Structures are given as C-alpha cells and as structure tokens.
Enquirer: 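Quick one: structure below, then a few questions.
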Amino acid sequence: MERIEILEMKDITKSFIGVKANQDVNLVIEKGDILGLLGENGAGKTTLMNVLYGLYHPDKGHIIVNGKPLYLRSPKDSMKAGIGMIHQHFMLVQKHTVLENIALGFDEAPFFFPQRYMRKQIEEYSQKFGLNVDPNKKIWELSAGEQQRVEILKTLIRNADLLIMDEPTSVLTPQEAEELFDILRKMINNGHSVILISHKLEEITSICNRVMVMRKGKVTGTALIKDVSKVDLARMMIGRELSGSLEKKEVKPGKPMLEVSNLSVNSDQGLPIVQNLGFNVLWGEIFGIAGVSGNGQREMVEAITGLRKSVTGSVSLEGKDITNLTARDIHNRGISHVPEERIKFGTVANLPFFENSVLKKHHKTPFSNRMLMNYPNIRDHAKNLVAKYNVDAASISVPVKNLSGGNIQKLILGREISSEPNLLIAAHPTYGLDVGAAEFIRKELINCRDRGGSVLLVSEDLEELFQVCDRIAVMFEGRIMGIVDPNNCNIDGIGLMMAGLEQQNQGENI
Amino acid sequence: MLEILTSILVRTVVAGTPLLLGTMGEVVTERAGILNLGIEGMMSFGAVTGFIVTFTTGNPWLGMMAAIIAGALISLIHAFVTVSLRANQVVSGLALTMLGIGLSGLWGKPYIGRPLSVKMHAIEIPFLSKIPILGKVLFYQDAYFYLSVGLGILVWFVMKHTKVGITVRSVGENPKAAETMGINVTMVKYLCVMIGGAFAGMAGAHLSTAYSKSWIEGMTSGRGWIVIALTIFALWEPSKAFIGAYVFGGIFVIQYVLQPLGISPNLLAMLPYLTTLGVLLFYGLSSKGQRKMSAPATLGEPYIRGSR
C-alpha cells in the first residue's frame with residue numbers, strides 16, 4: 001500500500017446548527033512530522049480531526065493525500081487510507097483481552113483462532129516501537145498508559161501512517177507521558193506522522209516539530225517549533241480582542257468569605273489533580289478562576305461544594321470549617337452552586353420546570369409541609385422565577401429537557417440566587433449559550449455581588465472573566481499560577497500562566 | 001438400584017435437552033446486549049409449529065425445521081422493537097411471551113387430544129450404547145439430544161475462538177468501540193436475537209415431537225423462565241450452560257422421584273430458582289466472583305448510534 005507522504009486539508013468548513021466549528025481551515029502534514037494542534041476547548045480542534053477521521057463530513061473543502069483527493073464516508077475509509085485516531089476516551093472493551101480488542105473488526109485476522117494470529121503481530125509491533133503490553137491481560141487490569149498503548153497498537157497493526165491523538169497525556173502520569181513521547185519518536189523515525197491535539201504549550205514545544213494554532217474555528221497561526229516562542233503561541237491561542245468590564249457598583253471588598261488552603265483532591269482515576277491549592281474569596285467580590293478546563297477546576301469546585309472528598313487541606317466559610325461536610329450541609333450554610341453540566345447535574349431533565357425550580361429546598365417550608373408538597377407555593381415560586389429571569393418557557397409544567405440551554409441556565413441561576421447565598425459558585429455558566437443569554441447571566445452574577453454576596457466564577461472564557469471579575473486567578477495542573485487584577489495586567493502573562501509557565505513580572509500582583 | 005440410577009440419568013438428559021437449547025440461544029442474544037424475556041413464548045410457538053407440521057407431514061424432521069424458522073421469525077418482532085425502535089427490552093420480551101403463548105394456544109386448539117402417529121425416535125449408536133449406564137444415557141437418545149450437544153459445542157467454539165465471537169461479545173460490551181472498528185452493530189444484534197429465537201423454537205419442538213407426542217396448551221410449563229435463570233446461572237458462558245442445563249434437568253427429574261416421599265411438589269418446583277439464587281450468592285460473596293458474575297456491560301440498554 002502506498003504510504004502517506006503528504007496530506008493536505010483544504011478550506012475545511014463545518015457548521016453545527018449555525019455555529020461554525022471550522023471555517024476555511026487549511027492543514028498540511030508530511031511524513032515524519034509531529035504536528036501540534038493547539039487551542040482552547042471549543043476552538044474546533046476535535047471537529048477538524050473528526051473530519052479527517054471520517055466521522056464528520058465537511059460542508060466545504062477537501063482532503064488531498066499525495067496529490068490525490070481522498071473521500072471519506074466513514075472511519076472505515078480513513079483507516080483504509082492509513083489514518084488512525086485515538087480518542088481521549090479509549091474505545092476498548094474492558095472485559096476482553098488485549099488480543100481480542102486488537103482483533104475486533106480487523107479484516108486480516110483469520111476467522112478461526114484470531115487470537116493466535118494477533119499474538120504474533122502484537123509481538124512484532126511491540127518490539128519495533130517499544131510498546132510493551134501483555135497481550136493476555138484484560139483491559140480493566142491495565143493502567144491508562146497501557147490502555148493507550150493498546151490503542152496505538154490497534155492503529156499501527158491496521159497500517160496507520162498518520163496517527164491522530166486527542167489530548168493523549170490528559171489521562172497519563174508524567175512518567176507515562178514521557179514513555180508515550182519515546183514511542184512517538186520511534187514512530188516518526190519509521191516514517192509515520194502524528195497530529196497531537198493539545199492545549200499544553202510545554203508538551204507541544206517539547207515533542208512537536210510544527211504547530212498550528214486554532215481559535216474560534218479559525219487557524220490563527222502555523223509555524224515551525226524552532227521559530228516560535230511560547231509567548232507567541234500563547235498570544236495566538238487566546239487572541240487579543242478583549243472588551244472592557246461591565247458596569248459594576250463600587251463595592252469595598254471585606255473580610256474573607258471563603259478560605260481555601262492547602263487543598264488536594266484526587267481525580268476519578270485516583271490521581272492527584274488538585275495540589276496544595278490555596279486562595280481567598282472576599283466579601284463583595286467576584287473571584288475568577290481562569291485556565292483551560294481539565295486542570296482540576298471541576299474537582300476543586302466539587303470538593304468545595306461537598307460533592308467530592310478532599311485528601312488534605314481545609315475549606316472554610318466565614319471562618320467556620322466546612323471541609324468535607326455533606327453537600328446539603330454546605331448548601332444550608334450559604335453556598336449555592338451552578339454546576340458545569342447544567343442538564344446532568346443542575347436539573348432533573350424529565351421533571352417539569354416548577355419542580356426543578358425548588359430543588360434543594362423542596363423539603364422545606366413553604367414548599368413542603370412535612371409529608372406533602374405544597375404545589376401552589378411551588379408554582380408561584382416558579383412563576384416568579386420565569387418573570388424575574390426572563391425565562392422563555394411554554395409553561396411552568398414543561399419538562400426541563402425541552403428548554404434551550406440558555407433558559408435552563410436562567411432557571412438554575414435564578415433558583416440558586418433566590419436562596420440569597422453568601423457565596424455563589426458558578427462553573428462555566430455561559431458555556432454554549434448565545435450572546436444574549438450569556439450577557440444576562442453575567443449581569444446577574446454582578447447583581448449578586450452588588451447585593452453584598454461573593455461569587456466564585458470558574459470559566460475558560462477570558463473575555464467573560466475580564467468583564468465581570470474583581471480578581472482573577474489562573475489555574476494550571478491543580479495549582480494557582482498567579483492572581484491578577486483584570487483592570488491592570490497584561491494578557492500575554494495570563495496566557496503563559498494558562499499554559500503552565502511560571503508567572504513572570506507582569507502587571508500588579510494582588 | 002443400577003436400573004433406577006440409569007433411568008434417572010436418562011430422564012435427566014432428556015429433561016435437560018430443551019433447557020440446553022434455550023440457554024444456548026439466550027446466551028448468544030444476551031452476549032450481544034439484548035435481553036429477551038420472551039423465551040417462554042418463542043418456545044410455545046416453536047412447540048405448536050413443530051407439532052402441526054409433524055402432524056400434517058408425518059415427518060418430525062420437517063417439524064423441527066419449521067419450529068426453528070418459526071422461533072427465528074417471531075423473535076424478529078423483539079429485534080425490531082428493541083434494536084430499531086430502541087424500546088424497553090423487558091417490556092418487549094414480556095409481550096413476546098404473552099403473544100407466543102396466546103398464538104400457540106389458538107393454533108393448537110384443534111390438535112388437542114390428537115397424538116402424533118410418529119415422533120422423533122431414539123437413535124442407537126452402535127457399540128457405544130453398550131457401555132454400562134453411560135451407553136443408555138449418552139448414546140441411545142433422540143436426534144434432539146445429539147444436535148443440542150453439537151450445537152452447544154459449536155456455540156462455545158464460535159464465541160471463544162472465532163472472530164465472529166469477538167464481534168458478538170464486543171457488541172454487547174461496548175457497541176461504540178465495535179462501531180468505530182467498522183462493525184454493523186444493528187445487524188449483529190438482529191442476527192443474535194434471531195439465533196436465540198431459532199434455538200428456543202427448536203427447544204419447543206423437542207417438547208411436542210420428541211419428549212411427548214401430543215400438543216397440550218401451556219406444555220412449556222415455565223421452562224422458558226428457567227432458561228432465563230440458567231443464562232444467569234451459566235454466567236453467560238456456553239460451557240457452564242451445559243452444566244446448568246443438566247443440573248436443572250436433574251432437578252426436574254428429582255421432583256418426580258421425591259414426590260412419593262411426601263415432599264410437596266410446589267416446594268420442589270422452586271428448586272431451579274433457589275439454585276440460581278444460591279449460585280448468585282456464592283459468586284457475589286467474593287470480589288473475584290463478582291467480576292465473573294457481571295452481565296454483558298450494555299445488556300438491556302438500547303444502542304443509539306453517534307451518541308456520546
């Protein structure tokens with residue numbers, strides 16, 4: 001089979017319900033390249049790669065391999081053309097052995113005793129690329145790094161020349177990541193090429209030879225790694241068009257409302273993801289947490305709100321220790337939470353609007369009377385929310401799943417603010433919302449502060465953080481890299497901190 | 001004494017045959033992620049079809065073929081409803097049970113009390129059948145017995161040692177992974193449901209044209225439900241289904257042996273289910289056992305293409 005010498009994607013445009021995920025994107029990769037694809041979440045990296053893998057069909061544009069056009073109807077076509085993709089979440093059958101996983105759907109494997117045939121192949125490829133895996137082990141017995149090696153073997157044995165890896169190091173320990181890079185180097189020496197999707201600058205500069213940066217669906221720069229600095233990359237990644245802050249009342253920040261010190265939290269995989277984190281949120285301020293998601297923000301919020309146990313450290317509210325109390329206890333003490341997955345965790349999608357509007361206080365008067373729900377009061381409360389927060393719902397009896405994202409978010413925010421919390425924790429509250437709804441939500445956050453409450457806002461959207469926050473902390477790999485004043489700081493510095501570089505002399509530190 | 005033992009073993013194997021057939025089918029279906037609680041209905045439908053065809057043609061082999069086809073066809077309803085329409089598999093399976101029992105009662109009505117002139121005869125394997133005890137038990141049975149053993153070994157082999165087996169198991173465990181490797185998940189699920197139906201139909205025909213030679217309404221008498229229990233008892237493994245089928249067959253026979261001793265038949269009828277509970281308890285008590293016990297990961301869940 002002819003190997004991929006050069007692959008080009010030309011003018012790729014792909015829209016989802018009006019949103020342009022990719023707009024006139026051009027990409028070139030040659031044999032022996034490791035191309036880093038850099039950008040924030042939602043920049044369109046994964047969409048572009050799904051087009052290349054045949055999962056999405058582009059609205060416009062085409063793919064050219066070795067000068068000939070390549071048409072992809074499904075992943076099967078791209079596999080045949082020598083393109084393999086390793087998703088962030090592995091596509092493996094947990095209860096099956098490595099052998100069985102690699103034999104699955106493989107045309108060359110014989111009908112009878114496919115395991116025997118695969119064993120030889122696996123041994124050969126393992127040696128060639130240093131991919132050590134025990135072929136008889138079941139997937140659930142393997143570490144994340146080993147599972148990733150199985151995925152790599154799967155694509156290599158299927159003759160993949162170009163390997164696409166989506167955030168490959170996000171599930172790995174630093175040591176496993178090093179081993180992965182060794183494997184990738186061996187692959188390019190063998191004439192393969194790799195596209196590495198990442199938002200970690202450090203990683204891109206250490207392993208890639210070329211880089212392409214995307215932002216909001218467009219390419220904002222391509223370069224050879226040796227020609228660019230990290231500052232350049234950070235600038236391309238976050239852009240510069242920041243607008244001024246929204247109108248806010250003058251509020252003098254007071255004593256600490258929330259104090260977090262030495263907080264360490266483990267991820268779902270049991271690896272440390274938040275490490276010795278400390279910060280204070282003061283009375284009457286909006287404290288922002290910037291950073292690319294996946295750097296421990298979710299786990300940190302869950303630890304503060306009682307949804308996840310912290311390993312070490314303490315959290316206190318108004319001087320009282322609330323570390324590892326139950327979620328209900330913490331809520332009752334005055335912390336409200338707007339979680340990041342609004343449909344999954346913020347609401348019960350199949351229940352009607354009015355029942356969702358009283359969640360967390362449904363068991364208390366005036367909404368319930370020991371045993372029975374007081375539906376007239378609940379409905380009144382729901383009607384008030386609809387009026388006050390401009391919720392566009394056909395009636396208060398529709399199931400929440402039938403509402404748009406913006407209206408669901410208004411419902412959640414209204415519900416949380418109406419209990420007049422001391423501290424409101426909002427995680428990515430405007431993610432995926434249209435401009436109007438996003439602005440409404442931001443104004444409500446400011447209202448909440450102006451009334452004397454505090455807000456902890458976790459967001460990836462720097463523009464949003466600059467519009468509403470009084471102070472912004474940048475989080476990277478579970479640590480706070482620095483805290484800045486949005487009215488007086490330089491954007492490159494924030495970009496660098498987001499990419500994991502230590503804070504350099506930039507702006508005023510608070 | 002030896003004669004009593006031999007007779008008990010012979011009857012055990014005969015009673016185990018429809019259970020083995022039904023369980024092999026259900027194992028295949030459930031391994032592909034589809035729970036089919038309609039076994040009792042498919043078995044009844046197979047039994048009446050097999051009986052009518054044998055009655056009219058006088059050929060029990062034609063009856064068997066017809067029952068296999070009938071079982072596969074009626075299971076197609078379940079496949080369509082659960083795979084294509086993604087409806088609840090429990091509800092659809094229960095509906096299939098009632099449909100199968102109802103249809104077989106209706107079509108079988110004119111044949112009640114009219115025994116077959118021929119039934120599936122026992123085949124004596126030369127020499128081997130002369131072995132004491134075992135000869136009678138294993139080598140002097142009807143074709144259904146030999147076929148059930150052969151098909152059982154085939155299912156075991158295919159599931160464990162062929163590419164098709166890996167495909168079927170992967171579809172039940174992680175259909176998305178299978179789909180990304182280019183497998184047509186919908187087709188695999190349809191075929192596995194139909195294989196389950198064919199086995200159940202064949203099991204039914206064994207009851208009406210070999211085990212007995214007359215049609216009685218409700219003659220499956222709960223065997224379909226025992227098959228469901230057996231599938232769990234066997235931990236979805238064909239090899240263990242052999243053990244389970246004959247143990248449960250033995251329990252059937254023991255009921256008749258113990259009845260004269262004054263033990264209530266109702267108590268004895270509980271034995272298969274108690275045994276299943278016991279096995280689940282046994283495996284559930286150790287963590288290693290728990291992992292073994294886990295059903296195919298997506299059993300009972302509809303698969304929606306392209307969903308995350």
Side-chain angles (χ1 to χ4, degrees), chain A residues 16 46 50 53-57 72-80 83-118 138-141 147 150-151 154-155 157-158 160 164 166 341 343-344, chain B residues 27 30-33 88 153-189 191-192 235-237 240 283 287-299 301 303-308:
Chain A
F16 296 103
T46 305
N50 281 337
Y53 189 52
L55 276 172
Y56 297 156
H57 304 279
L72 303 172
R73 275 153 302 174
S74 72
K76 204 151 197 176
D77 288 347
S78 65
M79 264 187 261
K80 264 190 213 135
I83 301 168
M85 181 157 176
I86 295 173
H87 294 84
Q88 209 172 345
H89 303 285
F90 302 139
M91 297 283 185
L92 295 169
V93 180
Q94 291 290 321
K95 269 186 254 166
H96 287 185
T97 61
V98 172
L99 286 166
E100 289 172 327
N101 268 283
I102 294 179
L104 174 63
F106 185 39
D107 291 337
E108 280 172 41
F111 184 84
F112 292 111
F113 302 107
Q115 289 98 328
R116 267 184 218 168
Y117 172 85
M118 295 317 301
K138 301 244 162 80
I139 298 298
W140 60 264
E141 297 173 300
Q147 294 190 18
V150 176
E151 286 278 30
K154 214 159 96 177
T155 55
I157 288 178
R158 283 169 171 77
I164 306 166
D166 192 355
E341 286 192 56
I343 295 178
K344 214 163 153 192
Chain B
V27 164
E30 292 198 13
R31 278 292 186 148
N88 185 304
I153 292 171
L154 185 71
V155 168
W156 166 80
F157 182 82
V158 168
M159 288 305 248
K160 202 173 164 83
H161 292 295
T162 70
K163 217 154 82 171
V164 169
I166 293 175
T167 304
V168 169
R169 286 184 281 131
S170 299
V171 163
E173 292 289 342
N174 188 345
K176 195 161 185 203
E179 178 117 48
T180 51
M181 295 330 287
I183 282 157
N184 186 340
V185 172
T186 306
M187 194 186 74
V188 170
K189 288 192 176 225
L191 285 177
C192 288
L235 307 173
W236 297 270
E237 281 174 31
K240 294 203 177 73
Y283 279 105
S287 59
K288 204 179 154 203
Q290 274 184 359
R291 199 168 269 286
K292 268 190 169 174
M293 193 169 64
S294 59
T298 65
L299 182 63
E301 288 171 20
Y303 176 62
I304 303 166
R305 267 187 86 174
S307 72
R308 287 179 185 240

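Side-chain atoms are counted along with the backbone in the values below, which use heavy atoms only and exclude waters and symmetry mates. Remember, predicted model here, so these are calculated numbers, not experimental data. Throughout, protein chains are lettered first and strands after them, A, B, ... in sequence-line order, and every chain is numbered starting at 1.
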Enquirer: Using side-chain heavy atoms (C-beta onward) and a distance below 4.5 Å, is A/Pro75 in contact with B/Thr180?
Expert: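 No, too far: nothing below the 4.5 Å cut-off.
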Enquirer: So with a 6.0 Å cut-off around CD1 of A/Ile343, is the heavy-atom count from everything else above 12?
Expert: no
Enquirer: Could you go through the side-chain contact (heavy atoms from CB on, under 4.5 Å) check for A/His96 and B/Glu173 one step at a time?
Expert: CA-CA 9 Å; A/His96 287 185; B/Glu173 292 289 342; 4.1 Å; yes
Enquirer: Evaluate side-chain contact (heavy atoms from CB on, under 4.5 Å) for A/Lys154 paired with B/Met181, printing each intermediate quantity in order.
Expert: CA-CA 10 Å; A/Lys154 214 159 96 177; B/Met181 295 330 287; 3.5 Å; yes
Enquirer: Tell me if the NE2 atom of A/His57 is crowded by more than 12 foreign heavy atoms within 6.0 Å.
Expert: yes
Enquirer: Please flag which part of A/Asp107 lies under 4.5 Å from any non-hydrogen atom of chain B: side chain, backbone, both or neither.
Expert: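 A/Asp107 touches chain B through backbone heavy atoms alone.
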Enquirer: Quick test of your reading: applying salt bridge (Lys or Arg N to Asp or Glu O under 4.0 Å), list the pairs with at least one residue in residues 155-165 of chain B, sequence neighbours left out, ordered by first then second residue.
Expert: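 Checked against salt bridge (Lys or Arg N to Asp or Glu O under 4.0 Å) - neighbours excluded - no pair reaches residues 155-165 of chain B.
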Enquirer: Flag the pair A/Met91 / B/Glu179 as yes when at least one side-chain heavy-atom distance between them is below 4.5 Å, and no otherwise.
Expert: no
Enquirer: Apply side chain to side chain donor-acceptor pair (under 3.5 Å) to B/Arg169 and list each qualifying residue two or more places apart in sequence or on a separate chain.
Expert: A/Glu100
Enquirer: Classify the angle between the aromatic ring planes of B/His161 and A/Phe113 as parallel (below 30°), tilted (30 to 60°) or perpendicular (above 60°).
Expert: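 Judged by the thresholds at 30° and 60°, the geometry between B/His161 and A/Phe113 is tilted.
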Enquirer: Distance check, rounded to the nearest 0.5 Å: B/Thr162 atom OG1 versus A/Phe112 atom CZ?
Expert: 7.5 Å
Enquirer: What part of B/Ile183 gets closer than 4.5 Å to chain A, counting heavy atoms only: side chain, backbone, both or neither?
Expert: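 B/Ile183 touches chain A through side-chain heavy atoms alone.
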Enquirer: Side chain, backbone, both or neither: which part of A/Phe106 has a heavy atom under 4.5 Å from chain B?
Expert: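 A/Phe106 touches chain B through backbone heavy atoms alone.
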Enquirer: Could you give the distance from CG (B/Asn174) to CG (A/Leu92), rounded to the nearest 0.5 Å?
Expert: 8.0 Å
Enquirer: What is the distance from atom CD1 of B/Ile166 to atom CD1 of A/Ile102, rounded to the nearest 0.5 Å?
Expert: 11.0 Å
